[in-house]
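No experiment lies behind these values; they were computed from the predicted model shown.
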Amino acid sequence: MAKKKVIVKGGGENLYYVSESSGTYYVYKGHVWSSDVQIGKARSMSDALAIITSYSGRAIESID
């Protein structure tokens, strides 16, 4: 799976990424000025998206 870009609603830092390796989905918080920070990992894409929703406190706007 290629790295997926996830945007949450609202302004500010609303960029996240999900990548998959060996059945594990890794969730990263994207930063404009520094490297990405891993915020969690999950066994499914839906769980990875739930991590992003919980971490950000916002609904998901788009997934590329």
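- Legend: residues meeting salt bridge (Lys or Arg N to Asp or Glu O under 4.0 Å) with Lys29, ordered by chain and number and at least two apart, are Glu13.
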Return a table of donor-acceptor pairs under 3.5 angstrom between the side chains of residues 39-52 and protein atoms on other chains or two or more places apart.
unit_1: Arg43; atom_1: NH1; unit_2: Thr24; atom_2: OG1; d: 3.1
unit_1: Ser44; atom_1: OG; unit_2: Ser46; atom_2: OG; d: 3.2
unit_1: Ser44; atom_1: OG; unit_2: Asp47; atom_2: N; d: 3.2
unit_1: Ser44; atom_1: OG; unit_2: Asp47; atom_2: OD2; d: 3.3

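- Atom NZ of residue Lys9 and atom CZ of residue Arg58 lie 12.0 Å apart, to the nearest 0.5 angstrom.
- Taking all atoms of both residues into account, the shortest heavy-atom contact from Gly23 to Glu20 is N-OE2, 2.7 Å.
- Note: the hydrophobic cluster containing Tyr28 does not contain Val8 (ILVMFWY, side chain heavy atoms under 4.5 Å, direct or indirect links).
- In this structure, the salt bridge (Lys or Arg N to Asp or Glu O under 4.0 Å) partners of Asp36, at least two apart in sequence or on a different chain, are Lys3.
- Between Ser56 and Tyr16, some side-chain heavy-atom pair lies under the 4.5 Å cut-off.
- Taking the side-chain contact (heavy atoms from CB on, under 4.5 Å) definition, one finds that Thr53 meets it with Ile60, sequence neighbours left out.
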Trace of the side-chain contact (heavy atoms from CB on, under 4.5 Å) decision for Ser21 with Tyr26: CA-CA 8 Å; Ser21 178; Tyr26 296 91; 4.0 Å; yes

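- In this structure, the side-chain contact (heavy atoms from CB on, under 4.5 Å) partners of Lys5, at least two apart in sequence or on a different chain, are Ile7, Leu15, Tyr17, Asp64.
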